[in-house]
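Since this is a predicted model, take the numbers as computed values, not measurements. Computed over heavy atoms, backbone and side chain alike; hydrogens, waters and symmetry mates excluded.
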Amino acid sequence: MYNASSYTKGHQIPNADRKSNSVANSQTYYVTNQTPQIGNKFNGSIWGSLETAVRNLTQNTDVVYVVTGAAYKTVGGNETVKMLTASSSSTNPQKVPVPNYYWKAILKVKTNSAGAVTSASAIGFWFEHKEYDSGTSYTTGACSVDYIEQMTGFDLFTNLPGDNNSGIEKTAESNTNWQTFQNF
């Protein structure tokens, strides 16, 4: 827990995604899966709605790849990183950085009978870590995976055929439309 009442332990892999057994669920509570998230007007609203929407994708899709991340600074950015003091009875309390952004990159693929990827669709979500008005749709954060890569410096979904300049990877990672992704 953090010494700031507005923050909760934000799970990067939501515990609701790991309900298949108690071991899988308990792993979501590891400190390596948690970052401080604004509670009611981020984690409990826009971010939680996105997590539910991603979970619902599995009703019509065999496999959904999800990469979730927190960003403290953007590539070339000069953002200030806020530090919280972790609640502890320790005489040396630890400082915990608060992410300035949260993101998700989601991928669906179609394969041929040999298992080779024949097409793919991806979508990204990028959110400034702040309070959002109730009713703000998670779709306002929709972006391309290319955008997330630009902001973080990561190269996601590198196993897709092609690269960032051509082929299936380029096509998939440039999509910004949630409906197009859902209907893939």
Side-chain angles (χ1 to χ4, degrees), residues 1-19 25-59 64-90 93-107 122-154 156 173-182:
M1 194 54 105
Y2 310 109
N3 284 334
S5 61
S6 62
Y7 292 94
T8 60
K9 297 177 191 175
H11 295 89
Q12 300 305 285
I13 299 173
N15 69 7
D17 285 4
R18 295 288 181 96
K19 296 286 188 178
N25 186 260
S26 67
Q27 291 170 344
T28 68
Y29 290 91
Y30 290 176
V31 71
T32 53
N33 188 50
Q34 298 174 10
T35 57
Q37 282 187 341
I38 296 169
N40 293 334
K41 293 192 174 188
F42 185 81
N43 191 18
S45 62
I46 199 165
W47 189 254
S49 296
L50 173 58
E51 290 174 335
T52 299
V54 171
R55 242 185 323 281
N56 289 339
L57 289 171
T58 61
Q59 295 173 2
V64 178
Y65 299 94
V66 181
V67 183
T68 301
Y72 299 91
K73 293 186 177 190
T74 55
V75 171
N78 61 355
E79 300 90 340
T80 300
V81 178
K82 179 179 181 175
M83 301 295 282
L84 297 178
T85 302
S87 297
S88 173
S89 59
S90 168
Q94 299 297 307
K95 297 286 186 180
V96 179
V98 178
N100 283 311
Y101 311 96
Y102 282 95
W103 56 270
K104 280 191 187 292
I106 311 160
L107 172 69
I123 187 80
F125 288 89
W126 181 269
F127 292 101
E128 183 179 346
H129 186 206
K130 65 178 188 173
E131 291 186 351
Y132 288 84
D133 293 332
S134 62
T136 303
S137 173
Y138 62 87
T139 59
T140 62
C143 65
S144 68
V145 172
D146 286 335
Y147 180 77
I148 293 170
E149 291 176 335
Q150 175 187 347
M151 299 302 280
T152 63
F154 297 140
L156 304 169
E173 291 185 354
S174 64
N175 177 49
T176 61
N177 187 289
W178 175 242
Q179 291 300 319
T180 298
F181 176 76
Q182 280 186 302

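Residues passing the side chain to side chain donor-acceptor pair (under 3.5 Å) test with Glu149: none are found, sequence neighbours excluded. Under the rule for a side chain to side chain contact (heavy atoms under 4.5 Å, CB included), Val75 has no partner lying at least two apart in sequence or in another chain. Every residue was checked against the side chain to side chain donor-acceptor pair (under 3.5 Å) condition with Ser45, not counting sequence neighbours, and none meets it. Partners of Ser26 under the side chain to side chain contact (heavy atoms under 4.5 Å, CB included) rule, at least two apart in sequence or in another chain, do not exist in this structure. Annotation: ring pair (Phe, Tyr, Trp, His ring centres under 6.0 Å) contacts of Tyr29 (sequence neighbours excluded): His11. With sequence neighbours left out, the side chain to side chain donor-acceptor pair (under 3.5 Å) criterion links Thr139 to Ser137. For Thr136, the side chain to side chain contact (heavy atoms under 4.5 Å, CB included) partners two or more places apart in sequence, or in a different chain, are Ile46, Tyr132, Asp133, Thr140. Under the side chain to side chain donor-acceptor pair (under 3.5 Å) criterion, Glu79 pairs with Thr74, Tyr101, not counting sequence neighbours. Applying the side chain to side chain contact (heavy atoms under 4.5 Å, CB included) criterion to Pro14, with sequence neighbours excluded, gives Asp17, Glu51, Arg55.
Using a 4.5 Å heavy-atom threshold, the side chains of Thr85 and Lys95 count as touching. Looking only at side-chain heavy atoms (C-beta outward), Pro99 and Pro36 come within less than 4.5 Å of each other. For the pair Tyr7/Lys82, a side-chain contact is recorded, criterion being any heavy-atom separation below 4.5 Å from C-beta on.
The structure places CD1 of Ile13 at 11.5 Å from CD of Gln34, a figure rounded to the nearest 0.5 Å. The distance from atom OG1 of Thr52 to atom CG of Leu50, rounded to the nearest 0.5 Å, is 8.5 Å. To the nearest 0.5 angstrom, Tyr147 atom OH is 15.5 Å from Glu173 atom CD.
No donor-acceptor pair closer than 3.5 Å links the side chain of Asn43 to the backbone N or O of Gly10. Judged purely by atom type and a 3.5 angstrom limit, Asn100 has no side-chain atom pairing as donor or acceptor with the backbone of Ala71.
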Worksheet item: Is there a side-chain contact (heavy atoms from CB on, under 4.5 Å) between Val67 and Lys104 once you walk through the steps?
Response: CA-CA 6 Å; Val67 183; Lys104 280 191 187 292; over 6 Å; no
Practice prompt. Give the intermediate values and the outcome of side-chain contact (heavy atoms from CB on, under 4.5 Å) for residues Ile148 and Cys143.
Written response: CA-CA 8 Å; Ile148 293 170; Cys143 65; 3.9 Å; yes
Worksheet entry | side-chain contact (heavy atoms from CB on, under 4.5 Å) evaluation trace for Ile106 with Tyr65 | CA-CA 6 Å; Ile106 311 160; Tyr65 299 94; over 6 Å; no
Practice prompt. Any chance you could lay out the side-chain contact (heavy atoms from CB on, under 4.5 Å) test for Val145 and Ile123, step after step, and finish with the verdict?
Written response: CA-CA 6 Å; Val145 172; Ile123 187 80; 5.9 Å; no
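Counting non-hydrogen atoms of other residues, nucleotides and ligands closer than 6.0 Å to CG of Asn40 gives a total of 12 or fewer.
The aromatic rings of Phe42 and Tyr102 are tilted relative to each other, their planes meeting at an angle between 30° and 60°.
For the side-chain hydrogen bond (donor to acceptor under 3.5 Å, both in side chains) test with Gln12, the passing option among Thr35, Thr32, Asn33, Thr28 is Thr35; the others fail.
Side-chain rings of Trp47 and Tyr138 stay apart, their centers remaining 6.0 Å or farther from each other.
Closest approach of Trp178 and Ala53 over heavy atoms only: CZ2-CB, 4.0 Å. Between Leu107 and Ala122, the closest heavy-atom pair is CD1-CB, 4.1 Å.
Between the side chains of Ser134 and Lys41, no donor-acceptor pair of N or O atoms lies under 3.5 Å.
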